[in-house]
Amino acid sequence: MKIIVLVKHVPDAQFDRHLTGEGYTTDRDESILSELDEYALEAALQLAEARGGAKAGNQVIALSMGPSGAVNAIKKALQIGATEGVHLTDDALAGSDAAATSLALAAAIRHLGSDAPVDLVLTGMASTDGETSLVPAQLAERLDLPQVTFASSLEVDGGRLTARRDADTSSETVEAPLPAVVSVTDQINEPRYPNFKGIIAAKRKSITTLSLADIGVDPAQVGHAGSWTSVLSAEERPPRTAGTIITDEGDAGIKLVDFLAAQKLL
Amino acid sequence: MAKVLVYIDNPGTSLKKSSLELLTLGRALGETAVALNGKLHDDVAAAFAEYGVGTVLLPSAEDLDDFLVAPKAAYLAAAAGQAGADIVLLDNSPEGKEIAARAGIRLNAGVITDVVAVDADGTAHKSVLAGSYNTACKAGTAVSVLTVKANNVVPEPAAAPAALETVTVEVPAVSAAARITAREQKVASGRPDLTDARIVVAGGRGLDGDFGPVEELADALGAAVGASRAATDAGWISHDAQVGQTGKTVSPQLYISAGISGAIQQKAGMQTAKVIVAVNKDAESPVFEIADFGIVGDLFDVLPQATAEIKKRKG
Ligand SMILES: Cc1cc2nc3c(=O)[nH]c(=O)nc-3n(C[C@H](O)[C@H](O)[C@H](O)COP(=O)(O)OP(=O)(O)OC[C@H]3O[C@@H](n4cnc5c(N)ncnc54)[C@H](O)[C@@H]3O)c2cc1C
Ligand SMILES: Cc1cc2nc3c(=O)[nH]c(=O)nc-3n(C[C@H](O)[C@H](O)[C@H](O)COP(=O)(O)OP(=O)(O)OC[C@H]3O[C@@H](n4cnc5c(N)ncnc54)[C@H](O)[C@@H]3O)c2cc1C
């Protein structure tokens with residue numbers, strides 16, 4: 001199989017995150033591979049391994065769009081087990097909203113399918129910074145491929161896939177022919193960690209860099225200029241501060257109710 | 001005046017509170033029409049009229065529910081075109097966001113998610129990065145597609161009810177869509193819906209398999225029940241109850257957290273609650289950093305005592 005896994009490079013949520021600059025984009029100093037994309041990568045690796053892995057010609061291509069630092073997310077994916085990396089980077093991409101991001105990624109995916117067709121595009125359920133979950137659905141729309149999103153299980157048999165999707169009021173079984181765009185939840189698997197062998201092997205794996213010109217995208221269609229949405233202002237909210245903390249001396253349940261009554265929450 | 005189109009999916013026999021919120025918001029922005037998927041029940045039609053909706057658009061096809069997202073988005077985009085909508089409003093559920101995502105591409109329209117308020121000029125407000133920033137965003141396109149979080153508007157009927165007319169929208173053919181081949185209905189808990197509940201009582205690993213104390217307190221308060229991923233992963237409660245980064249994001253008036261440590265992924269889903277109460281036996285738990293009222297103690301003592309006291313006071 002030829003699988004493309006989309007990996008986003010995002011600010012680490014363990015640290016304070018900031019919106020900076022004219023377009024209020026995220027400051028990426030302390031950035032990592034978006035945690036939820038590890039589930040997509042694991043799903044891809046399991047599908048490839050079940051078919052004999054890289055030796056049998058299965059490809060797991062980690063694709064990231066982002067500034068120079070995004071190459072670190074690709075390297076991490078290669079250490080975990082992706083077979084090759086692709087970095088879509090161009091100054092004109094800075095500040096892209098979801099629609100512009102999906103336009104550029106769709107063009108990159110088409111470009112990567114020009115030699116041999118892509119069977120599957122796997123993504124996380126949401127990035128851990130923008131968190132819109134718009135990109136997978138917009139990719140499916142732009143590529144005119146079936147969309148199978150929020151999959152909590154995924155099986156591929158022949159040219160078809162079957163997935164489970166848990167909605168609020170029901171659980172659904174979903175079927176689609178390949179190729180398809182699939183986003184997966186954190187319920188689908190337990191992502192592996194890179195091991196020593198993987199880290200060494202990653203050094204020999206190739207990372208291809210693509211510019212907008214390489215994928216035939218007009219710079220005016222992406223970035224701040226080409227985006228359909230913009231951030232007009234961003235105000236940092238004072239962090240929540242701790243209130244009253246008491247230790248139970250046998251009557252904390254009563255005190256809790258007193259607090260709720262005082263707050264008019266009963 | 002702006003033309004607003006509100007998308008409502010399968011309301012059944014009555015509109016959800018979040019739908020009434022969208023209708024109220026829509027009316028504040030302009031003239032509201034509804035793009036409905038599913039049957040238009042008489043009671044729902046009456047509610048539309050009461051909320052000032054003049055036109056209900058209905059899809060020409062009846063099988064939109066057999067496929068995932070794509071045909072619904074195609075329908076909504078066609079409906080927005082037919083209604084001449086400037087602003088399209090949807091709820092902020094995972095499916096709502098995805099229908100918005102694809103309809104946005106079809107309409108060449110910017111999509112803004114997680115919206116909590118909309119100004120008269122279409123500027124949308126949203127809180128981002130786990131509640132650490134408030135932002136104002138705008139779609140520069142002719143049409144804006146906004147997905148609006150529940151609980152940010154007080155539902156209010158129109159001063160005068162509208163006369164309702166229905167119009168059919170031809171649904172464009174969609175070649176590539178995933179088919180839903182089976183659907184298992186989940187049993188409703190009878191409690192308020194987690195995402196629009198006024199009060200949420202949530203439990204974590206500290207419950208050690210027994211959600212009884214959390215459920216009893218929730219019922220005494222008329223609250224929804226939430227959980228940490230540790231509790232849902234352990235199978236003590238359904239995954240639907242999970243609050244956090246990969247669960248639901250809630251902003252209730254009151255969130256009571258019991259036996260939950262307050263990991264960053266949990267906080268991501270609840271720290272915009274108005275008031276947070278935490279019960280945890282470990283005084284060092286990070287949840288206390290964001291609690292308005294914290295109790296260091298055993299939840300198996302504190303929760304039942306609080307439940308009994310509430311019942312006593314409520315008589
Ligand atoms: C706080 C914040 C709020 C935002 N709100 C909006 C908004 O309301 N509307 C809007 O149009 N834009 C918004 N943006 C911009 C948006 O985040 C970017 O366009 C981003 O490039 C893609 O959206 P996402 O991060 O929400 O991804 P999601 O759609 O949540 O990502 C889902 C999956 O798509 C893949 N993916 C996404 N981006 C990339 C990438 N660059 N490279 C590789 N794979 C990727 C990953 O697999 C990821 O798991 C916002 C950005 C921020 C920081
Ligand atoms: C990709 C990813 C996504 C995630 N998404 C989510 C998410 O959406 N939501 C989420 O919640 N988590 C999420 N997590 C998991 C998160 O990191 C934490 O592991 C989880 O929230 C911990 O749950 P907990 O607080 O119940 O358990 P623990 O961290 O084990 O805490 C249990 C707490 O209970 C207290 N306790 C024990 N017994 C008692 C008692 N008798 N009385 C009072 N207190 C008691 C303990 O002091 C402790 O603080 C995610 C993790 C990852 C990697």
Side-chain angles (χ1 to χ4, degrees), chain A residues 13-14 17 19 24 36 97-99 125 128-129 132-134 137-138 140-142 144-150 166-176 180 185-187 228-237 239-240 242-248 252-254 256-257 259 263 265-266, chain B residues 68-70 94-95 97-98 101-102 104-105 109-113 123 129 131-141 175-186 239-240 245-246 253-254 264 271 275 277 288-298 301-303 305-306 309-310 313:
Chain A
Q14 302 289 342
R17 293 177 293 178
L19 296 176
Y24 301 102
L36 295 172
D97 69 353
M125 64 187 273
T128 57
D129 59 348
T132 65
S133 300
L134 294 175
Q138 294 191 326
E141 181 72 38
R142 290 190 184 279
D144 197 20
L145 293 180
Q147 166 193 340
V148 179
T149 37
F150 295 95
D166 288 300
D168 260 353
T169 53
S170 63
S171 290
E172 296 160 348
T173 307
V174 178
E175 291 185 22
T185 73
D186 63 336
Q187 302 291 307
W228 293 340
T229 64
S230 56
V231 182
L232 307 177
S233 67
E235 226 175 277
E236 195 160 3
R237 291 224 304 215
R240 268 196 110 97
T244 315
I245 312 287
I246 63 165
T247 300
D248 184 19
I254 313 280
L256 168 51
V257 180
F259 172 80
Q263 299 278 330
L265 285 165
L266 278 188
Chain B
L68 211 58
V69 181
E95 196 182 31
K97 287 195 263 191
E98 295 193 322
R102 300 187 67 142
I105 298 298
V111 182
I112 301 172
T113 62
T123 302
L129 299 175
S132 59
Y133 280 85
N134 288 331
T135 62
C137 308
K138 196 160 198 296
T141 41
S175 53
R179 181 179 275 280
I180 298 167
T181 53
R183 195 176 266 132
E184 250 173 76
Q185 227 54 42
K186 292 181 184 168
H239 176 64
D240 305 326
Q245 184 189 68
T246 53
Q253 294 294 314
L254 170 66
I264 190 145
Q271 62 190 352
V275 174
V277 170
F288 287 124
E289 294 164 11
I290 59 164
D292 299 286
F293 189 70
I295 296 170
V296 182
D298 193 322
D301 298 330
V302 179
L303 265 45
Q305 189 180 45
E309 181 68 16
I310 292 165
R313 292 196 196 182

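Below, chains carry the letters A, B, ... as their sequence lines are ordered, and counting in each starts from 1.
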Problem set entry | Options B/Ile112, B/Thr181, B/Val69, ranked by heavy-atom pairs under 4.5 Å with chain A, top entry | B/Thr181
Problem set entry | Best-contacting candidate, B/Gly104, B/Gly110, B/Ala291, B/Ala101, against chain A by heavy atom pairs under 4.5 angstrom | B/Ala101
Problem set entry | Pairs of heavy atoms under 4.5 Å with chain B: top-ranked of A/Ile254, A/Thr149, A/Val231, A/Leu266 | A/Ile254
Exercise. Are any of the side-chain heavy atoms of B/Asp292 and A/Arg240 separated by less than 4.5 Å?
Worked result: yes
Exercise. Which bit of A/Asp97 comes within less than 4.5 Å of chain B, counting heavy atoms only: side chain, backbone, both or neither?
Worked result: neither
For this session: For each of B/Cys137, B/Gly297, B/Gly140, tally heavy-atom pairs with chain A at distances under 4.5 Å, and name the one with the top tally.
Result: B/Cys137
Exercise. Looking at CD1 of B/Ile105 and CZ of A/Arg142, how far apart are the two atoms once the value is rounded to the nearest 0.5 Å?
Worked result: 3.5 Å
Seminar exercise, completed: Nearest heavy-atom approach of A/Arg17 to B/Leu129 is NH2-C, 3.6 Å
Exercise. Should B/Val296 and A/Ile245 count as side-chain neighbours, where that means a heavy-atom distance under 4.5 Å?
Worked result: yes
Problem set entry | Residue part contacting chain A, namely of B/Asn134, when any heavy atom lies under 4.5 Å | both
For this session: Could you have a look at B/Asp301, B/Ile310, B/Asp240, B/Ile295 and say which one has the most heavy-atom pairs with chain A under 4.5 angstrom?
Result: B/Ile295
Exercise. Is any side-chain heavy atom of A/Thr132 less than 4.5 Å from a side-chain heavy atom of B/Lys97?
Worked result: no
Exercise. Any donor and acceptor pair, going by atom type alone, linking the side chain of A/Arg237 with main-chain N or O of B/Gly131 inside 3.5 Å?
Worked result: yes
Problem set entry | Which atoms of B/Val277 approach chain A - backbone, side chain, both or neither, heavy atom under 4.5 Å | side chain
Problem set entry | When B/Glu184, B/Gln305, B/Gln253 are compared by non-hydrogen pairs under 4.5 Å with chain A, the top option | B/Gln305
Exercise. Of the backbone (N, CA, C, O) and the side chain (C-beta and beyond), which part of B/Glu289 lies under 4.5 Å from a heavy atom of chain A, both, or neither?
Worked result: backbone
Exercise. A/Gln263 versus B/Leu254: any side-chain heavy-atom pair under 4.5 Å?
Worked result: no
Problem set entry | Part of B/Thr135 lying under 4.5 Å from any heavy atom of chain A | both
Problem set entry | Largest heavy-atom contact set with chain A, pairs under 4.5 Å, which of B/Ala136, B/Ser132, B/Ala139, B/Ala70 | B/Ala136
For this session: Measure the spacing between OG1 of B/Thr113 and CG of A/Leu134 and express it to the nearest 0.5 Å.
Result: 5.5 Å
Exercise. Do B/Phe293 and A/Ile246 come within less than 4.5 Å of each other through their side chains, counting heavy atoms only?
Worked result: yes
For this session: Supply the atom-to-atom distance B/Asp298 CG to A/Asp248 CG, rounded to the nearest 0.5 angstrom.
Result: 8.5 Å
Seminar exercise, completed: chain B shares the most heavy-atom pairs under 4.5 Å, among A/Ala180, A/Ser233, A/Ala176, A/Ser133, with A/Ser233
Seminar exercise, completed: Scanning both residues in full, the closest heavy-atom pair of A/Trp228 with B/Ala109 reads CE3-O, 3.3 Å
Exercise. Taking C-beta and beyond as the side chain, do B/Lys186 and A/Asp166 meet within less than 4.5 Å on heavy atoms?
Worked result: yes
For this session: Can you establish whether the number of heavy atoms outside A/Glu235 located under 6.0 Å from its atom CD is more than 12?
Result: no
Seminar exercise, completed: For B/Ala176 and A/Asp144 the tightest heavy-atom approach is CB-O, 3.3 Å
For this session: With a 4.5 Å cut-off on heavy-atom pairs, point out which of A/Ala234, A/Ser170, A/Ala137, A/Ala98 contacts chain B the most.
Result: A/Ser170
For this session: Please flag which part of A/Thr185 lies under 4.5 Å from any non-hydrogen atom of chain B: side chain, backbone, both or neither.
Result: neither
Seminar exercise, completed: The interface call for B/Ile290 against chain A, heavy-atom contacts under 4.5 Å, is both
Seminar exercise, completed: Okay, A/Ala140 and chain B: the region with an atom under 4.5 Å from a heavy atom over there is both
Exercise. What's the spacing between B/Gln185 CD and A/Glu172 CD if we round to 0.5 Å?
Worked result: 9.0 Å
For this session: Indicate yes or no: at least one non-hydrogen side-chain atom of B/Gln245 is less than 4.5 angstrom from one of A/Leu36.
Result: yes
Exercise. Of all of A/Ala99, A/Ala242, A/Pro239, which one pairs up most often with chain B through heavy atoms under 4.5 Å apart?
Worked result: A/Ala242
For this session: Name the region of A/Leu145, side chain, backbone, both or neither, that has any atom closer than 4.5 Å to a heavy atom of chain B.
Result: backbone
Problem set entry | Atom group of A/Ala252 that falls short of 4.5 Å from chain B, counting heavy atoms | both
